[in-house]
Every structure is written in C-alpha cells, then in structure tokens.
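Inspection log for the structure reproduced underneath, given as structure tokens.
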Amino acid sequence: MSSKYNKVVVLTGAGISAESGLSTFRDNNGLWDNHRVEDVATPEAFDRDPELVQRFYNMRRAALKTVEPNLAHQVLVQAEKEFDAFILVTQNVDDLHARAGSQNLLPMHGELLKQRCVQCHQITAIMGDITLDAVCVQCERVGTLRPHIVWFGEMPLYMDAIMAALMACDLFVSVGTSGTVYPAAGFVEIANQVGAHTVELNLEPGDQNSQFKQSIHGPASEVLPAFFNQLNHGTAQ
C-alpha cells in the first residue's frame with residue numbers, strides 16, 4: 001500500500017450494521033425497539049426484570065441469523081492486511097465484523113453471542129436464548145447468566161488496548177457512529193492530540209464532526225471503500 005499512514009485505528013458504530021439490515025436500536029426518542037434504555041440496558045434493569053432484559057437480547061441475538069456482513073465490513077478486513085498496524089474498535093455487539101474475517105477486533109461494548117456469569121464471571125459462547133433457569137457451566141449456579149454486553153453505567157471493554165492504539169496511531173477513522181456515547185465519542189480528541197489524521201465517515205455530520213480534520217458523508221458501504229481506495233493510490237489527504 002502506498003499510503004503514508006502506518007498505524008490505523010478504525011471505530012465503527014451502528015451505521016455500518018444498519019446497511020446489513022440490523023436495527024440501530026436507538027431512535028430519536030432514545031428508545032430501543034420501543035423500550036426505554038433504562039428498562040433493557042442497565043444493571044438495575046436486569047436486577048429488576050431479568051425476563052424482559054433476556055427477552056430483548058434473545059431477540060437481538062436471533063436477528064443475527066437473518067443478516068450478512070456488507071461491503072463495508074469486507075473492506076475493513078482487506079484494510080487490516082495492508083497496514084503495518086491496524087486495530088478495529090467497534091461499538092456494535094453483533095458478530096458481523098468477526099464473520100467478515102476481521103482479526104484485530106476489539107468489541108468495546110461486548111458481544112451478543114457471549115454470555116457471562118454474574119457470580120463467577122465465566123464468559124461462554126451462546127447461539128440461542130439465555131433462559132432464566134440456565135446453568136453456568138463453571139460454577140453450576142442457576143439464573144446467574146446475563147448477556148456479555150456493556151450496559152450504561154458499566155466500563156467498556158479493552159480500554160487499555162484501545163487507548164494504547166489511539167496514542168500511537170497516525171490515522172483515526174470513525175465509521176457509522178454519531179459520536180454521542182462516551183468514551184468512544186472522545187477518541188477523535190485523543191487522536192488529534194497525538195497528531196493523527198482524523199476522518200469521519202458517516203451518513204451525516206455527527207456530534208463531534210467539528211473535531212475531525214476530514215469528513216465524508218454517505219452510506220458506509222459507499223464512502224468506506226472509496227476512502228481506502230484513495231489511500232491505496234495515495235490520493236487521500
């Protein structure tokens with residue numbers, strides 16, 4: 001690759017999965033499929049009504065069987081092979097990046113296809129539903145399994161690795177995210193501080209748009225391939 005960039009961090013959000021047909025969950029009213037965030041995406045919600053929370057994420061998990069990775073996911077797999085250092089950080093909890101073939105992948109908000117025991121903290125794969133009477137394979141307790149999802153009020157995963165990559169990067173690209181949820185919304189500021197070129201690829205300008213040195217707006221499956229193709233030919237900024 002003839003790009004002048006060597007150490008790349010890409011952040012993806014719901015917009016890239018939406019083009020595969022997955023719901024972005026959160027609408028303009030802050031609702032996820034007509035559920036308040038407070039009812040399905042907090043530890044308190046799980047304590048209060050585990051059946052509702054499990055049902056919500058069981059539906060999300062089932063929806064993964066109906067979708068496939070799109071061109072934007074595939075372009076990121078190819079890009080990973082072409083830079084000296086490439087880290088893909090995703091806020092998405094679906095498995096589309098992994099299914100497309102991404103290897104250097106950090107799902108900072110967890111993964112729908114994993115479950116975690118609230119007692120022994122064992123993490124295991126789950127393809128179907130998590131039921132209220134499910135038994136943890138590690139500690140053998142009943143009813144202690146929850147989705148391996150980072151809920152509001154919980155610390156995102158892989159933050160040490162993400163921060164190290166941001167502090168070392170010379171190119172930061174944000175794809176399909178509105179830049180409203182922290183800490184991910186603050187990644188562009190960190191990349192700017194270390195002198196990286198920062199690029200927003202999104203359907204429309206996000207909340208942090210003014211902080212990016214370059215913005216390209218349109219569907220991820222269109223603007224992402226075009227952007228990396230320009231890098232490949234040395235014509236991007």
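Everything quoted here is computed from the prediction, not taken from an experiment.
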In the single-linkage hydrophobic clustering (I, L, V, M, F, W, Y; side-chain heavy atoms under 4.5 Å), do [X] and [Y] co-cluster?
| X | Y | answer |
| --- | --- | --- |
| L157 | W151 | no |
| V10 | I216 | yes |
| I16 | V89 | no |
| V181 | F187 | no |
| L145 | V40 | no |

Any donor and acceptor pair, going by atom type alone, linking the side chain of [X] with main-chain N or O of [Y] inside 3.5 Å?
| X | Y | value |
| --- | --- | --- |
| T66 | A63 | yes |
| N192 | V188 | yes |
| N6 | D84 | no |
| T198 | K213 | yes |
| S102 | L105 | no |

Under 3.5 Å, which donor-acceptor pairs link side chains of residues 121-132 to any protein atom two or more places apart or in another chain?
unit_1	atom_1	unit_2	atom_2	d
T124	OG1	Q115	NE2	3.1
T131	OG1	D133	OD1	2.8
T131	OG1	A134	N	3.4

Item to check | Trace of the side-chain contact (heavy atoms from CB on, under 4.5 Å) decision for R48 with D39 | outcome: CA-CA 9 Å; R48 183 174 60 248; D39 292 336; 3.7 Å; yes
Measuring only between side-chain heavy atoms, which start at C-beta, is [X] closer than 4.5 Å to [Y]?
| X | Y | result |
| --- | --- | --- |
| V173 | L11 | no |
| M108 | V150 | no |
| L96 | L22 | yes |
| M159 | P183 | yes |
| P147 | Q54 | yes |
| L76 | F86 | yes |
| N104 | F83 | no |
| I162 | L106 | yes |

Say whether [X] and [Y], considering side chains only, have a donor N or O and an acceptor N or O under 3.5 Å apart.
| X | Y | result |
| --- | --- | --- |
| N209 | E200 | yes |
| D207 | T180 | no |
| N58 | R55 | no |
| Q78 | E82 | yes |
| Q91 | T12 | no |
| S221 | E19 | yes |

Checklist entry - Under the side-chain contact (heavy atoms from CB on, under 4.5 Å) criterion, do M163 and I190 qualify, and how do the steps go? => result CA-CA 8 Å; M163 290 299 296; I190 298 169; 3.5 Å; yes
Item to check | Minimal non-hydrogen separation, A196 against C169, with atom names | outcome: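 Distance-wise, the nearest heavy atoms are CB-O, 3.5 Å.
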Next on the checklist: Using every non-hydrogen atom in the two residues, find where G179 and Q208 come nearest and quote the distance to one decimal.
Outcome noted: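 Smallest interatomic distance, heavy atoms only, reads O-NE2, 3.3 Å.
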Checklist entry - For F56, is the NZ or CZ atom of R60 found under 6.0 angstrom from the centre of its six-membered ring and inside 45 degrees of the ring axis? => result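 Yes; both conditions hold, so R60 lies above the ring face of F56.
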Item to check | Residue pairs, two or more places apart or on separate chains, that pass salt bridge (charged side-chain N to carboxylate O under 4.0 Å, His left out) and touch residues 87-98 | outcome: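 Every salt bridge (charged side-chain N to carboxylate O under 4.0 Å, His left out) pair that includes a residue of residues 87-98, provided the two are not neighbours, is D95-R99.
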Next on the checklist: So if I apply the side-chain hydrogen bond (donor to acceptor under 3.5 Å, both in side chains) rule between H148 and each of E111, H109, K114, R116, which one comes out positive?
Outcome noted: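 Among E111, H109, K114, R116, the one meeting side-chain hydrogen bond (donor to acceptor under 3.5 Å, both in side chains) with H148 is R116.
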Item to check | D170/K4 under salt bridge (charged side-chain N to carboxylate O under 4.0 Å, His left out): CA gap, chis, key distance, verdict | outcome: CA-CA 9 Å; D170 52 21; K4 61 183 177 180; over 6 Å; no
Item to check | Residue from F212, F172, Y5 passing side chain to side chain contact (heavy atoms under 4.5 Å, CB included) with H197 | outcome: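 The single option meeting the side chain to side chain contact (heavy atoms under 4.5 Å, CB included) with H197 is Y5.
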Item to check | CD (E51) with more than 12 external heavy atoms under 6.0 Å | outcome: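 No, because the 6.0 Å sphere around CD of E51 holds 12 heavy atoms or fewer from other groups.
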